[in-house]
A.B. asks: 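Handing you a structure now.
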Amino acid sequence: MDTAVYLFLASMGYIEGRSAPIVTDGVTDVEAHINPIPAGLVLTGIVVSVSVSALMLSLTIRLYRRYHTLNLDEISAIIKEEEENK
C-alpha cells in the first residue's frame, strides 16, 4: 500500500519540462522547477517504513531468543506457566 502512495506522490510532484529545484546558471524562476515537497514526503515515508520494519524485526528476534518460538499460543502458555511458578 505504501509503495502505491509513494508512486502517486512522485508522479504528482513531477512536471514535464521542469528541473529539480537546484539553482543553476542563475535561473531562480519558480516556474522553472518542480515542487520538492512531494519528493521530501516520499523520502520521509520510506525512512519511516524502513524504521518500523527494523523495529518489528528486532522485537521479533528478541521474542524468539526469549521463548524459542514465534507461536503466540505457545508464548502465552509459557507466560502463564511462568506466572504460576512465581
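Bear in mind that the values here come from a model prediction, so they are computed numbers and not experimental data.
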A.B. asks: When clusters are formed from ILVMFWY side-chain contacts under 4.5 Å, directly or step by step, what else is grouped with Ile34?
C.D. replies: Ile15
A.B. asks: Between Val52 and Leu59, is there a shared hydrophobic cluster once you connect ILVMFWY residues whose side-chain heavy atoms come closer than 4.5 Å?
C.D. replies: yes
A.B. asks: Rounded at 0.5 Å granularity, tell me how far CD1 in Ile61 sits from CG in Leu70.
C.D. replies: 10.0 Å
A.B. asks: Applying side chain to side chain donor-acceptor pair (under 3.5 Å), which residue pairs with at least one partner in residues 66-83 are found, sequence neighbours left out?
C.D. replies: Thr69-Glu74
A.B. asks: Between Val48 and Leu41, is there a shared hydrophobic cluster once you connect ILVMFWY residues whose side-chain heavy atoms come closer than 4.5 Å?
C.D. replies: no
A.B. asks: Identify the two heavy atoms, one from Pro38 and one from Asn35, that lie closest to each other, and give their separation to 0.1 Å.
C.D. replies: CD-O, 3.3 Å
A.B. asks: Is it true that Tyr64 and Ile75 fall in one hydrophobic cluster, defined by side-chain heavy atoms closer than 4.5 Å?
C.D. replies: yes
A.B. asks: Are Ile37 and Tyr6 connected in the hydrophobic side-chain network, where two residues link if heavy atoms are under 4.5 Å apart?
C.D. replies: yes
A.B. asks: Quick check on the hydrophobic clustering: are Phe8 and Val42 connected, directly or via other members, by side-chain heavy-atom contacts under 4.5 Å?
C.D. replies: no
A.B. asks: Please find the pair of heavy atoms, one from Asp2 and one from Ser49, that lie closest to each other, and give the distance.
C.D. replies: OD2-OG, 3.1 Å
